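Reviewing the structure listed below.
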Amino acid sequence: MRSPTQGGHAGPPLLEYNPAPMSESESKPTPVTSIRELSRHIGQSVELRGWIDNKRSSGKIAFLQVRVTGGTVQAVAGRKDVSEKDWEDIERVTQESTVRVTGTVKEDKRAPSGVEIQCSGFEVLSLTQDYPITPKEHGTAFLMEHRHLWLRSSRQRSALRVRSEVEQAIRDFFYERDLTLIDSPILTPAACEGTSTLFETDYFGDKAYLSQSGQLYLEPAAAALGKVYCFGPTFRAEKSKTRRHLMEFWMVEPEVAFLEFAGLCDLAQEFVGYLVARVLDRSREELKILERDTSKLEAVVPPFPRITYTEAVKILNEKGNPIQWGDDFGGDEETILASQLDRPVMVTKFPASFKAFYMQPDPENPDVVLGLDLLAPEGYGEIIGGSQRIHDPDLLLRRIQQHNLPIEAFQWYLDVRKYGAFPHSGFGMGIERFVAWMTGLTHLRETIPYPRMLYKIYP
RNA sequence: UCCUCGGUAGCUCAACGGUAGAGCGUUCGGCUGUUAACCGAAAUGUUGGGGGUUCGAAUCCCUCCCGAGGAGCCA
């Protein structure tokens, strides 16, 4: 069933857009659209359309790398095997031209994918001239200016396929556990957490803001549906200029009724373990192209070590870091903590002073809150942040006042406690940071098709 | 917003006070199993903009623009 050229997983059969021809047209080549289909047509005549990734030719034989769904397939054309007109097309075809190839599918060890097409016909559908991205190296500034074309390169395709696999795995994980997907709004009337800078826009004469988190909208939905999650883009107008920040990024946030802190830590751990295993299972080919050291990911198996913030400060001081109890972690502190082990580290119970207003105080020590951060190894930093939420209406009101937030804007949020209060917890995970960790990419800009970065929004 | 580094051919870079260079890409020629193919030849420049120092500036100085890396903040 599985063939090395399928490059994929043993999932359900994929939808075929081009069914095999009826017997009366057996002599005509079968149209194929993806590399996976090829292995089912060994020895048969096929036709495929795609783009020229690269071409190598001598006077009498040409090797054309044709990009189709799922990868690149080599077409081999001998001068005598095709018509004079087709050979002229092969001679003049350029990188990224669109072509139609007909020929016989053959297994051959010399072909990069193990399977190639022995050409019997070739046609240039659209001739490309002066394609900007050549097979040699380019700087990232140039590549980002041509992001719409850079997507065609194998590393970028692989990164985006890993992203797609991660997103599918997220949906599967929550679907299997009976969480309902709640799409939270992107246009919002006020700041969710009152901390980070928001993008402002005009809403028929009023101000509106692009959402920085769906969490507050998720909590009322948890009262309606019990276990819920949202998954969508979020926006931060912080003028952050680092490899770990984007202005627009995707976040997945579960919120579960009657889930308390210990259960939340278990959920976050199980979630990350599931996603890593899934990527290792189904994205091997992509990780190979990206030259990811998968042994690092194979070590990521729950349970993950858990330490409290107070213990973390102690460890940091022992390592010579001057952090004091009450200070938030910066990049240096995260890196020291996360590089202790080959698994993610869960840091819990932070001082209330630098955490969000809605976090539940620890009943054993009201100076700290029941929040958790999950720090990924290899310097990928915080990938998950979550907490148990305050469910006592009076305490929540006090916290809103202490943080100088406008109470009017939070009336609906307070209603969640007024009408049937319930303990609940949730976390948020940034997709790009997770995908960067999986792929081994050092910069978030390559983990999203069209990154939005400080002062840069083209293309 | 702050700090550091950079901007030379379509791309990646060299030349660092004295005639502007290479590789890749492009064009032309050669090659029947290439793997970023290879071999030979050719074309390609207001050295980011403006101002200054100098007999002479890609090179030194000022300024603006653009980019890269980092900090803070965070996911």
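Note that the coordinates shown come from a computational prediction; the quantities given were computed from them, not determined experimentally. Just so it is clear: chains get the letters A, B, ... in the order the sequence lines come, proteins before strands, and each one is counted from 1.
- Proximity note for V76(A) (side chain, C-beta onward) versus C73(B), A68(B), G33(B): the nearest is G33(B).
- Among the heavy atoms of the strands lying under 4.0 Å from P112(A) is at least one base atom, whether or not backbone atoms are also near.
- Heavy atoms of Y455(A) sit under 4.0 angstrom from primed sugar atoms or phosphate atoms, though from no base atom.
- Closest contact between the side chain of H245(A) and the listed nucleotides G33(B), A71(B), A75(B) involves A75(B).
- In this structure, R177(A) is positioned above the aromatic face of F173(A), its NZ or CZ under 6.0 Å from the six-membered ring centre and within 45° of the axis.
- Backbone-only contact: R445(A) has heavy atoms under 4.0 Å from sugar-phosphate atoms and none from a base.
- In this structure, the CD atom of Q215(A) is 10 Å from the P atom of A75(B), given to the nearest Å.
- Residue contacts for L444(A): at a heavy-atom cut-off of 4.0 Å it reaches a base atom on one of the strands shown.
- Listed pair K456(A) / A68(B) meets the phosphate criterion, a side-chain N or O lying under 4.0 Å from OP1 or OP2.
- W150(A) CH2: more than 12 foreign heavy atoms inside a 6.0 Å radius.
- Distance from the side chain of K239(A) is smallest for U1(B) among the nucleotides A75(B), U1(B), C74(B).
- Put simply, the side chain of H138(A) and the base of C11(B) share no donor and acceptor less than 3.5 Å apart.
- Side-chain atoms of Q402(A) and R399(A) include a donor-acceptor pair closer than 3.5 Å.
- Checked against U32(B), A71(B), U12(B), the side chain of K241(A) finds its nearest nucleotide in A71(B).
- Closest to the side chain of T134(A), out of U34(B), C24(B), G72(B), is C24(B).
- Under the side chain to side chain contact (heavy atoms under 4.5 Å, CB included) test applied with M346(A), the options C265(A), P305(A), P303(A) reduce to a single match, C265(A).
- Stacking of the aromatic ring of F249(A) onto the base of A75(B) is found: the ring centres lie under 5.5 Å apart and the planes are inclined by under 30°.
- The side chain of Q65(A) sits closest to U34(B) out of C11(B), U34(B), U32(B).
- In this structure G40(B) sits in a base pair with C28(B), meeting the Watson-Crick or G-U test at under 3.5 Å.
- When distances are taken from the side chain of I61(A) to each of U34(B), U32(B), A75(B), the shortest belongs to U32(B).
- Comparing atom distances between the N54(A) side chain and each of A36(B), G33(B), A68(B) picks out A36(B) as nearest.
- For an aromatic pair to be called close, the ring centres must be under 6.0 Å apart, and W87(A) with F122(A) fails this.
- Contact of Q129(A) with U26(B) (side chain to base): no donor-acceptor pair of N or O atoms is detected under 3.5 Å.
- Centroid-to-centroid, the aromatic rings of F271(A) and F174(A) come within less than 6.0 Å.
- Residue contacts for D328(A): at a heavy-atom cut-off of 4.0 Å it reaches the sugar-phosphate backbone alone, with no base atom in range.
- In a base pair of the Watson-Crick type (N1 to N3 plus N6-O4 or O6-N4) or a G-U wobble (N1-O2 and O6-N3), with each distance short of 3.5 Å, A57(B) is matched with no nucleotide.
- Backbone-only engagement by H443(A) is indicated by non-hydrogen atom pairs under 4.0 Å involving sugar-phosphate atoms exclusively.
- Around the CZ atom of F199(A), the shell of radius 6.0 Å holds more than 12 heavy atoms that belong to other residues, nucleotides or ligands.
- Here A71(B) sits opposite U1(B) as a Watson-Crick or G-U wobble pair (both hydrogen-bonding atom distances under 3.5 Å).
- Rounded to whole Å, the separation between the P atoms of C39(B) and C24(B) comes to 8 Å.
- Within the 4.0 angstrom heavy-atom criterion, base atoms lie near G59(A).
- Among the protein residues, K355(A) comes within range of no part of the nucleic acid, since none of its heavy atoms lies under 4.0 Å from any strand.
- Using a 4.0 Å heavy-atom cutoff across all strands shown, I384(A) reaches sugar-phosphate atoms only and no base atom.
- At the heavy-atom level, Q95(A) lies nowhere under 4.0 Å from the strands shown.
- On a pure distance criterion of 3.5 Å, no polar donor-acceptor pair joins the side chain of E145(A) and the base of G67(B).
- Among the nucleotides A68(B), C11(B), U32(B), the one closest to any side-chain atom of A141(A) is A68(B).
- A donor and an acceptor atom never sit less than 3.5 Å apart when one is taken from the side chain of R244(A) and the other from the base of C73(B).
- Residue-level contact check: S57(A) touches the bases, meaning some heavy atom is under 4.0 Å from a base atom.
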